[in-house]
Amino acid sequence: MKKILTGFCFTDIHNQQAMLDYPTTLRTSLVEAAKMAKEEFGCGDLAIVGGDNISNYPYWNQSCALPKKNFLDLKEKLHQCVSESVGGGKVLYVTGNNDMILGDIGTEENEPYNTTDFYDLMDAVFGELPDNEKLILHAKEKPSELYWGAFHYVVNGIDFIGINIDPDTAFNSHEGYYSDETMLWVKDKLDEIDPEGTKPVFVVGHLSAIYYYNNGELKETMRNGNRSLFYEMFKGHRNTFYLYGHVHGEKACYRDCSSGAVLHVNHEGEALGDNLNETDSRGKEYAYSFVHMGGLRPYGEEFFENDGLTGYGGEEKLKFFLKTGTPTIAQFLIFEVYEDRVIFHIRNTGEHEHYHKKDKLKEYTVYFF
């Protein structure tokens, strides 16, 4: 069967603290992941950046003082790094909860700006979307700003729906969730583009739902917002895949098999946790699938090399920031879409016990119904 598309997924980069001093510095795990993906799979057709590109400066609830020029510098470097891994620079961006916090509120020295604004980059490579292919939201705290609640692109004949966090739930908060309006828009769009319920569609968002925690235990993380509507959105679309980030770090990585990143969900919104260490979906009955895009930043200090940056990072004095260093454990996702199936691959960027760059985790194949 002919291959239609190769996609690279990079999420939860969390450039933070001294990395955001001007000129900004990209997290090394992102640079390595983009390079590795292209070296192994060739030039991709699409890259996805799954949110939380930016993090605390130095604290999440005091991070709005990051100067706009810093954000623009980081945005340019991020796009250049990722776009070089794919043909035509096709990169799809969705927002994370940390992206919504940083820089959204102005200070006397800083012009307010929208840190989720990667729309110009997408317009440039995919073409400007007509009104019926994107949902525009206005935040109560910043009514003059435009936010994309959701949007729809077609790449190589494959449908991609991006879904973004509601800005009204993200200001001055460390969480955020999808608005009812946004989820209803996505549900309607899925019904429109996939009326028979068998077309392969990828819905891309930052927030997680169910995932394998610590290589085995199933953990539910959809605690905010209208959870029932979130699950309802996918019903009736058996070949729909929700690609997500948000959960990352040493407790959200996979060993040996890429199947850990893929969960099949039944009509009741329960994960069928029987695919761990398996290689394909044959014989399984399910309603739709969730796929974890990995994460490029761990949490514990023991999971970073001692090569972090020294900078101000929003503080008054120079300081060494260990967690700006090279992660020893970080993962990313590659997916290949064929006419009859999609193959998922998880890869490591760091060097840690059980997690090595040379490792090729066993692929997991999902056959279309």
Report task. Please report the C-alpha distance between Val186 and Phe230 in whole Å, then the side-chain angles of each, then the deciding distance to 0.1 Å, and finally whether the side chain to side chain contact (heavy atoms under 4.5 Å, CB included) criterion is met. Result -> CA-CA 10 Å; Val186 173; Phe230 172 78; over 6 Å; no
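- For Lys360, the NZ atom is densely surrounded, since the number of other residues' heavy atoms within 6.0 Å is greater than 12.
- Between the side chain of Glu220 and the backbone N or O of Met222 there is at least one donor-acceptor pair closer than 3.5 Å.
- Using modelled atom types, one finds a donor on one side chain and an acceptor on the other under 3.5 Å when comparing Tyr57 with Asp21.
- More than 12 heavy atoms of other residues, nucleotides or ligands shown are found within 6.0 angstrom of CD on Glu302.
- Between His246 and His206, the ring-plane angle classifies as perpendicular under the 30° and 60° cut-offs.
- Between Phe41 and His345, the two ring planes are tilted [angle within 30° to 60°].
- Here the straight-line distance linking atom CG of Leu263 with atom OH of Tyr211 works out to 11.5 Å at 0.5 Å rounding.
- The same ILVMFWY cluster, assembled from side-chain heavy atoms under 4.5 Å apart, contains both Leu92 and Tyr119.
- Atom CD of Glu353 has 12 or fewer neighbouring heavy atoms from other residues, nucleotides or ligands inside a 6.0 Å radius.
- Two rings, from Phe151 and Tyr93, have their centers 6.0 Å or more apart.
- For Glu351 and Lys358, the salt-bridge test fails: no basic side-chain N is under 4.0 Å from an acidic carboxylate O.
- Relative ring orientation between Phe8 and Phe10 is described as tilted, the plane-to-plane angle lying within the 30° to 60° band.
- In this structure a side-chain-to-backbone donor-acceptor pair under 3.5 Å is present from Lys323 to Tyr299.
- Rounded to the nearest 0.5 angstrom, Thr6 OG1 and Phe335 CZ are separated by 8.5 Å.
- Linking ILVMFWY residues whenever their side-chain heavy atoms come closer than 4.5 Å, directly or via other members, leaves Leu78 and Leu309 in distinct clusters.
- Residues Val203 and Leu5 share a hydrophobic cluster, clusters being chains of Ile/Leu/Val/Met/Phe/Trp/Tyr side chains in contact below 4.5 Å.
- With rounding to the nearest 0.5 angstrom, the CG atom of Asp12 is 15.0 Å from the CZ atom of Phe332.
- Counted within 6.0 Å of CG on Asp307, heavy atoms from surrounding residues, nucleotides or ligands total more than 12; the atom is thus considered enclosed.
- A side-chain donor-acceptor contact under 3.5 Å links Arg27 to the backbone of Ile13.
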Report task. For ring pair (Phe, Tyr, Trp, His ring centres under 6.0 Å), just list the numbers for Phe290 and Tyr231, CA-CA rounded to whole Å, side-chain angles, deciding distance to a tenth of an Å, and then say yes or no. Result -> CA-CA 11 Å; Phe290 291 160; Tyr231 283 85; 5.7 Å; yes
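- Considering NE2 of His14 and CG of Asp52, their distance stands at 3.5 Å, rounded to 0.5 Å.
- Going from atom OG1 of Thr324 over to atom NZ of Lys319 covers 11.0 Å, rounded to the nearest 0.5 Å.
- For Asn98 (side chain) and Ile54 (main-chain N/O), no donor-acceptor pair under 3.5 Å exists by modelled atom type.
- The side-chain hydrogen bond (donor to acceptor under 3.5 Å, both in side chains) contacts involving residues 252-264 comprise Tyr254-His292, Arg255-His354, His264-Ser289, His264-Tyr364, where partners must be two or more places apart or lie in separate chains.
- In summary, the aromatic rings of Phe126 and Phe160 are positioned with their centroids too far apart to meet the 6.0 Å limit.
- The number of heavy-atom neighbours closer than 6.0 Å to CD of Glu339, taken from other residues, nucleotides and ligands shown, is above 12.
- A side chain to side chain contact (heavy atoms under 4.5 Å, CB included) with Val204 is found for exactly one of Ile163, Val94, Asn164, namely Val94.
- Cation-pi geometry between Lys75 and Phe118 is met: the NZ or CZ atom falls under 6.0 Å from the ring centre, inside 45° of the normal.
- In this structure, Asp166 contributes its side chain and Asp168 its backbone to a donor-acceptor pair below 3.5 Å.
- With hydrogens and angles disregarded, a donor-acceptor distance shorter than 3.5 Å links the side chain of Ser179 to the backbone of Thr182.
- One distance of note links CG of Leu190 with CD1 of Ile161; it measures 4.0 Å at 0.5 Å rounding.
- The backbone N or O of Gly350 lies less than 3.5 Å from no partner atom in the side chain of Thr328, so there is not a single donor-acceptor pair.
- Each of Lys35, Arg347, Lys357 was checked for a salt bridge (Lys or Arg N to Asp or Glu O under 4.0 Å) with Glu40, and the lone residue meeting it is Arg347.
- Taking the charged nitrogens against the carboxylate oxygens, Lys69 and Asp73 have no contact shorter than 4.0 Å, which rules out a salt bridge.
- In this structure, the side chain of Asp99 does not engage the main chain of Gly51 through any donor-acceptor pair within 3.5 Å.
- Taking hydrophobic clusters as Ile, Leu, Val, Met, Phe, Trp and Tyr residues chained together by side-chain heavy-atom distances below 4.5 Å, Tyr286 shares a cluster with Ile210.
- Residue-environment remark: NE2 (His267) stays at or below the threshold of 12 foreign heavy atoms within 6.0 Å.
- Within a 6.0 Å sphere centred on NZ of Lys251, other residues, nucleotides and ligands contribute 12 heavy atoms or fewer.
- Relative orientation of the Phe344 and Phe202 rings is perpendicular, given thresholds of 30° and 60° on the angle between their planes.
- Pairing each heavy atom of Thr25 with each of Leu74, the nearest pair is O-CD1, 4.4 Å.
- Phe241 and Tyr367 fall into different hydrophobic clusters, defined by Ile, Leu, Val, Met, Phe, Trp and Tyr side-chain heavy atoms under 4.5 Å apart, directly or through other members.
- Ser29 places no side-chain N or O within donor-acceptor distance of the main-chain N or O of Thr349, the cut-off being under 3.5 Å.
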